[in-house]
Amino acid sequence: MKMKSQATMICCLTFFLSTECFHYRSKIHIKAGDKLQSPEGKPKSGRIQDECHGPCISSSNCSQPCAKNFHGEIGFTCNQKEWQKSTETCTSLSVEKLFQDSSVESRLSVAAPSIPLHVLDFRAPEIIESVAQGIRKNCPLDYACIIDVVKSSETTSGNIAFIVELLKNISTDLSDNVTQEKMKSYSQVANHILDTAAISNWAFIPNKNASSDLLQSVNLFARQLHIHDKSENIVNELFIQTKGFHLNHNTSEKSFNFSISMNSTTDDILGTVQIPQQELRKLWPNASQAISIAFPTLGSILREAHSQNVSLPRRVNGLVLSVVLPERLQEIVLTFEKINKSHHARAQCVGWHSKKRRWDENACRMTQDIRNKVKCRCNYNSAVMSFSILMSPTSKTDKVLDYITCIGLSISILSLVLCLIIEATVWSRVVVTDISYMRHVCIVNIAVSLLTANVCFIIGSHFNNGVQDYNVCVAVTFFSHFFYLSLFFWMLFKALLIIYGILVIFRRMLKSRMMVIGFAIGYGCPLIIAVTTVAITEPKKGYMRLEACWLNWVSTKALLAFAIPALVIVAVNLIVVLVVAVNTQRPSIGSSKSQDVAIIMRITKNVAILTPLLGLTWGFGIATLIEDTPLMFHIIFASLNAFQVSSKRETFLCYCS
């Protein structure tokens with residue numbers, strides 16, 4: 001009788017627990033707009049609201065509750081008289097739900113007929129207050145108890161944010177003795193929210209640092225991983241792959257090779273992490289390990305800390321590759337395949353700075369950019385462990401600019417050649433005084449400098465980027481810098497001649513002395529600036545841009561060696577224009593109304609000739625140095641600068657007449 005009673009109670013307990021288990025496993029996950037279904041299949045009322053119903057006033061906000069079985073809310077902002085979704089915190093996950101099924105199954109497994117009734121635990125299950133507590137209790141060896149619950153959840157913005165915090169807590173509280181099994185479970189959870197289907201929902205997470213937190217959490221967890229066997233492949237999920245191997249100072253050059261598809265309709269994107277031999281020699285004799293992680297979709301969701309102040313966020317154009325290396329290793333070589341393989345998709349090597357939460361251009365330098373692949377040499381440290389390539393933000397590839405440049409350059413070269421021919425033809429008739437002689441020497445040297453600079457520009461334009469033939473590109477950049485500076489310094493000397501002619505300060509100066517001063521200013525000063533610039537910046541490989549044969553701006557600001565002298569000379573020439581205007585207003589004896597009109601015409605002629613001749617249009621170029629400058633500024637500068645030589649030709653003809 002006693003045995004029968006115990007059996008009856010066990011059956012009742014089994015039925016009770018089975019019912020409880022079924023209750024927890026019959027949860028329905030609802031997508032936006034789907035009708036709620038009861039376990040019996042009957043629809044229940046309730047939809048996720050896709051907009052607010054109140055009046056839409058510009059910049060106003062409202063919120064709507066989430067669907068049943070989700071807690072949180074959806075935020076909307078009124079934009080152009082329409083309600084647009086801005087934030088979402090709808091989540092069906094919680095710490096309690098993560099471990100409910102595990103707790104029930106644990107209790108159910110105890111209810112076996114062979115176990116005496118007094119052993120069974122009829123107390124309420126222990127309340128789990130943290131992820132670490134639940135994992136330590138239910139699955140401390142592999143963290144597998146949370147995988148099914150996470151993978152069965154809908155990737156709403158709220159659930160994504162919850163999973164990011166889940167991974168963050170695991171990486172901080174459970175990162176001791178990380179095994180490959182734990183790393184696989186951890187990666188399966190991360191893979192769920194890195195799926196291409198979840199990418200669009202990242203934009204509505206209120207915490208804009210969520211993507212950066214995810215990357216840092218994965219890197220920190222991988223740093224504690226211990227590789228016990230020689231297997232290279234550790235994790236092979238669709239949207240996250242992890243590889244690792246042992247190494248020491250005698251190891252030959254090692255590399256990680258990744259091939260991951262962005263989605264089911266595209267080919268695999270390749271990525272390689274290479275540890276050079278000279279770096280491996282820095283290791284101690286005892287064995288070390290290297291780990292690398294590849295993310296195909298993470299680049300599209302990483303939000304930079306300052307991106308809210310930038311009109312167009314910088315786009316990642318390759319895999320995001322993370323590395324975990326011994327502390328003594330500081331330099332690695334990475335090869336990325338471009339996602340956007342357009343001819344104009346120029347690349348920029350970068351590293352993710354975890355403390356600044358943004359891409360750091362100074363962490364890497366490009367060593368090769370051929371066709372669809374980019375090779376980068378990057379510096380590794382605890383703050384910069386992840387690397388990728390960006391679409392270069394400094395490349396303006398609009399066809400309008402291309403047409404303006406081609407047409408303007410053609411007109412410039414023809415005009416300069418014509419001017420030199422005219423100067424050679426009328427030289428003996430126009431150089432009747434020392435002042436006129438030096439004036440035409442300036443004209444010839446300005447034309448020669450600009451013509452040579454244009455030829456250097458044509459040579460440099462044949463290189464799609466500055467790394468295909470590095471030495472040639474450095475030479476082209478140097479001569480372009482030198483001759484453009486010569487153009488400006490000869491303009492400066494021309495301005496000094498104008499002052500000399502009007503104020504008559506150096507009336508008795510010999511022509512030979514003026515020639516020495518002219519060539520010292522026109523070619524000596526530019527040579528000193530150009531040589532100093534290349535001597536300071538080239539040892540650090542920061543002399544020229546990687547996307548073109550021209551002075552670097554991003555890392556070393558070498559372009560300032562051209563911009564500052566040019567703008568200073570423009571400012572000096574403006575002062576000269578004012579001095580000329582003041583002096584030409586002084587009327588001679590017997591002036592009349594007609595003489596006043598002639599003075600006004602002379603002032604107009606001075607301004608009309610001096611302004612293009614002394615390079616004022618280059619002042620517009622300062623706007624193009626600012627990142628994300630509107631295209632119109634580039635078009636205006638290109639137009640004025642390209643057709644500036646046409647004005648010079650007319651000026652030369654005016655002088656010749």
Side-chain angles (χ1 to χ4, degrees), residues 167-168 171-172 175 190 208-225 240-244 247 254-256 258 271-276 278-280 282-283 288-307 310 313-336 347-368 374-393 540-542 546 552 554-556:
L167 295 172
K168 187 176 179 181
S171 66
T172 54
S175 59
K208 301 307 178 184
N209 294 328
S211 56
S212 177
D213 289 341
L214 172 63
L215 177 58
Q216 187 172 3
S217 298
V218 175
N219 289 343
L220 291 176
F221 195 73
R223 183 181 290 178
Q224 304 301 323
L225 174 63
I240 178 172
Q241 290 184 5
T242 304
K243 298 183 179 183
L247 44 79
K254 300 289 287 187
S255 62
F256 300 98
F258 294 98
T272 302
V273 180
Q274 185 177 358
I275 306 175
Q278 61 268 24
E279 287 292 310
L280 292 171
K282 299 178 182 179
L283 294 175
S288 303
Q289 64 179 27
I291 299 168
S292 184
I293 310 169
F295 306 90
T297 58
L298 182 61
S300 60
I301 61 175
L302 269 177
R303 294 283 295 271
E304 295 189 79
H306 66 279
S307 60
V310 179
R314 298 184 288 181
R315 293 178 54 191
V316 175
N317 198 29
L319 298 176
V320 175
L321 298 177
S322 293
V323 290
V324 178
L325 302 175
E327 293 182 358
R328 297 180 66 86
L329 301 185
Q330 298 178 344
E331 190 174 64
I332 55 176
V333 177
L334 303 104
T335 303
F336 298 94
Q348 182 179 22
C349 299
V350 290
W352 180 263
H353 200 294
S354 58
K355 295 180 180 179
K356 297 179 181 179
R357 297 181 184 271
R358 63 176 178 82
W359 292 111
D360 186 0
E361 300 88 353
N362 297 323
C364 300
R365 62 181 178 87
M366 187 187 301
T367 60
Q368 193 176 60
V374 178
K375 182 173 285 188
C376 310
R377 187 173 289 270
C378 301
N379 297 321
Y380 166 84
N381 55 60
S382 59
V384 183
M385 301 172 59
S386 304
F387 307 90
S388 189
I389 55 173
L390 303 179
M391 295 278 285
S392 178
K540 300 178 182 179
K541 302 298 181 183
L546 296 173
N552 187 295
V554 176
S555 59
T556 62

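Here the structure is a predicted model, which is why all the values come from computation and not from measurement. Heavy-atom basis, side chains included; hydrogens, waters and symmetry copies ignored.
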If you look at every heavy atom in Glu361 and Gln348, which pair is closest and at what distance?
CG-NE2, 3.1 Å
Only counting residues at least two apart or in another chain, list the ones meeting ring pair (Phe, Tyr, Trp, His ring centres under 6.0 Å) with Phe387.
none
Restricting to non-hydrogen atoms, name the atom on Thr272 and the atom on Ser255 that form the minimum distance, rounded to 0.1 Å.
CG2-CB, 4.1 Å
Kindly give the heavy-atom pair with the smallest separation between Trp359 and Val320, and that separation in Å.
CH2-CG2, 4.4 Å
Is it true that the SG atoms of Cys349 and Cys364 are less than 2.5 Å apart?
no
Exercise: identify the closest heavy-atom pair between Asn552 and Thr556
OD1-N, 3.4 Å
Between Asn219 and Met385, which heavy-atom pair has the shortest distance, and what is it?
CB-CE, 3.9 Å
Just verifying a value: how many Å separate Glu304 CD and Lys356 NZ, rounded to the nearest 0.5 Å?
12.0 Å
Measuring from Trp352:CH2 to Ser322:OG, what's the distance to the nearest 0.5 Å?
11.5 Å
Checking Glu327 now: which residues fulfil salt bridge (charged side-chain N to carboxylate O under 4.0 Å, His left out) with it, not counting sequence neighbours?
none
In Å and rounded to the nearest 0.5 Å, what is the CD to CG distance from Gln330 to Asn379?
8.0 Å
I need the single residue from Leu319, Leu215, Ile240 that forms a side chain to side chain contact (heavy atoms under 4.5 Å, CB included) with Leu298. Which is it?
Leu215
Please list, chain by chain and in numerical order, all residues satisfying ring pair (Phe, Tyr, Trp, His ring centres under 6.0 Å) with Phe221, sequence neighbours excluded.
Tyr186
Can you see which heavy atom on Phe258 is nearest to which on Gln241, and at what distance?
CD2-OE1, 3.6 Å
Which value, rounded to the nearest 0.5 Å, describes the distance between Ser171 atom OG and Gln224 atom CD?
10.0 Å
